[in-house]
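Below, each value reflects all heavy atoms present in this structure, side chains not excepted, and no hydrogens, waters or symmetry copies.
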Amino acid sequence: MTYSGEVKVGGPADVHELKDLMITKIAVGPMDNNAYLLRCRATDEQLLIDAANDAHTLLGMIGDDGIASVVTTHRHADHWQALAEVVAATRARTYAGRNDAEGIPVPTDVLVGDGDTVRVGQVELTARHLVGHTPGSIALVYDDPHGHPHVFTGDCLFPGGVGNTHKNPKAFASLIHDVETKIFGALPDETWVYPGHGNDTTLGAERPHLPEWHARGW
């Protein structure tokens, strides 16, 4: 089956099969949050990005192999509603951005800064600190040695724009700057984008619209 990235709450997960990594996407909760399960093909170790909601569904997706770690992309409550239950069931290490961890009610084992490496088995993900949606939001970049990069952006980048900065010009200026320099400026158009809500996109699809985003201020 070809991966589309189109998932709905209550519906099946979608699986993006790469040579070294399997990425399973599922939608959960009343705010239609995306959660992503990453599995290293060489070791079968698993990592979950955003235990957003519906622990039963997430634990079913994780399966008997469990997870070694769970990354929370940012402090907003819709992204960690199931975190306590998932961690209790799996004993996973918890990761979060250094400047957002205090806003997450489950203790963070590993504080993540810009450029830090997060591993799942033999696969390395690079964290990018993006300021504006929250003070400590992080994106995770997988630079696939066999293809194009993949980036998990939380609520910092979506099809059609950057994340909500609540009409705060300073927050928007910060977020658009970080997204432009650390994501668009560092990665090619083929980069696949996995956002915290809704459908996936690519940097190539979004790049032509950056001037529009600047002009509208959100």
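For Leu175 against Gly132, the heavy-atom pair with the smallest separation is CB-CA, 3.9 Å. The two residues Pro149 and Asp143 have their closest heavy-atom pair at CG-OD1, 3.8 Å. When every heavy atom of Gly136 is checked against every heavy atom of Asp100, the shortest pair comes out as N-OD1, 2.8 Å. For the residue pair Ala139 and Val151, the shortest heavy atom distance occurs at CB-CG2, 4.2 Å. Listed here is the closest heavy atom pair of Thr153 and Pro195: OG1-CA, 3.5 Å. Between Pro208 and Pro211 the shortest heavy-atom distance is O-CD, 3.5 Å.
With hydrogens and angles disregarded, no donor-acceptor distance shorter than 3.5 Å links the side chain of Glu206 to the backbone of Pro159. Counting only distance, with no hydrogens or angles, the side chain of Asp178 and the backbone of Val131 share a donor-acceptor pair below 3.5 Å. The backbone N or O of Pro135 lies less than 3.5 Å from a partner atom in the side chain of His129, making a donor-acceptor pair. Side chain of Thr202 to backbone of Glu190: no donor-acceptor contact under 3.5 angstrom is found. Judged purely by atom type and a 3.5 angstrom limit, Thr94 uses its side chain to pair as donor or acceptor with the backbone of Pro107. Formation of a donor-acceptor pair under 3.5 Å by the Asn53 side chain with backbone atoms of Pro30 is not found in this model. Remark: side-chain polar atoms of Asp50 are paired, donor with acceptor, to backbone N or O of Thr73 under 3.5 angstrom. With Arg41 contributing its side chain and Leu18 its backbone, the two residues share a donor-acceptor pair below 3.5 Å. A donor-acceptor distance shorter than 3.5 angstrom exists from the side chain of Asp14 to the backbone of Gly5, with no hydrogens or angles considered. Between the Arg98 side chain and the Asp114 main chain, no donor and acceptor come within less than 3.5 Å of each other.
Residues satisfying the ring-ring contact (aromatic ring centres under 6.0 Å, His included) criterion with Phe172, sequence neighbours excluded, are absent altogether. Residues meeting the salt bridge (Lys or Arg N to Asp or Glu O under 4.0 Å) test with Arg207, sequence neighbours left out: Asp189.
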Quiz item: Under the side-chain contact (heavy atoms from CB on, under 4.5 Å) criterion, do Val28 and Gln81 qualify, and how do the steps go?
Solution: CA-CA 10 Å; Val28 292; Gln81 289 297 304; over 6 Å; no
Self-check item: side-chain contact (heavy atoms from CB on, under 4.5 Å) between Ile62 and Leu37, worked out
Solution: CA-CA 7 Å; Ile62 290 166; Leu37 181 67; 4.0 Å; yes
Quiz prompt | Residue pair Arg75, Glu102: steps toward the side-chain contact (heavy atoms from CB on, under 4.5 Å) verdict | solution = CA-CA 8 Å; Arg75 65 171 64 183; Glu102 66 180 7; 3.8 Å; yes
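The cluster map of Ile, Leu, Val, Met, Phe, Trp and Tyr, joined by side-chain heavy atoms under 4.5 Å apart, puts Val118 and Ile183 in different clusters. Linking ILVMFWY side-chain heavy atoms closer than 4.5 Å, directly or via other members, places Val141 and Val123 in two distinct hydrophobic clusters.
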Distance-only donor-acceptor pairs under 3.5 Å for side chains of residues 160-170, two or more places apart:
from	atom 1	to	atom 2	distance (Å)
Asn164	OD1	His166	N	2.7
Asn168	OD1	Lys170	N	3.0
Asn168	OD1	Ala171	N	3.0

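Heavy-atom neighbours of Arg216 CZ from other residues, nucleotides or ligands within 6.0 Å: above the threshold of 12. Around the NE2 atom of His56, the shell of radius 6.0 Å holds no more than 12 heavy atoms that belong to other residues, nucleotides or ligands. Sparse packing is recorded around CE of Met31, with 12 or fewer heavy atoms of other residues, nucleotides or ligands lying under 6.0 Å away. Heavy-atom neighbours of His209 NE2 from other residues, nucleotides or ligands within 6.0 Å: above the threshold of 12. Within a 6.0 Å sphere centred on CH2 of Trp218, other residues, nucleotides and ligands contribute 12 heavy atoms or fewer.
Looking at Ile176 and Trp213, their side chains come closer than 4.5 Å, going by heavy atoms from C-beta outward. Put simply, the side chain of Asn33 reaches to within 4.5 Å of the side chain of His197, judged on heavy atoms. The side-chain heavy atoms of Phe152 and Asn34, taken from C-beta on, include no pair separated by under 4.5 Å.
A perpendicular orientation is assigned to the rings of His74 and His76, their planes being inclined by more than 60° (bins at 30° and 60°).
His16 pairs in a side-chain hydrogen bond (donor to acceptor under 3.5 Å, both in side chains) with only one of the listed residues (Tyr194, Tyr36, Trp192, Tyr3), which is Tyr194.
To the nearest 0.5 Å, atom CD1 of residue Ile138 and atom CZ of residue Arg128 are 12.0 Å apart.
A salt bridge is defined here as a Lys NZ or Arg NE, NH1 or NH2 lying under 4.0 Å from an Asp or Glu carboxylate O, and Glu45 with Arg119 fails to meet this definition.
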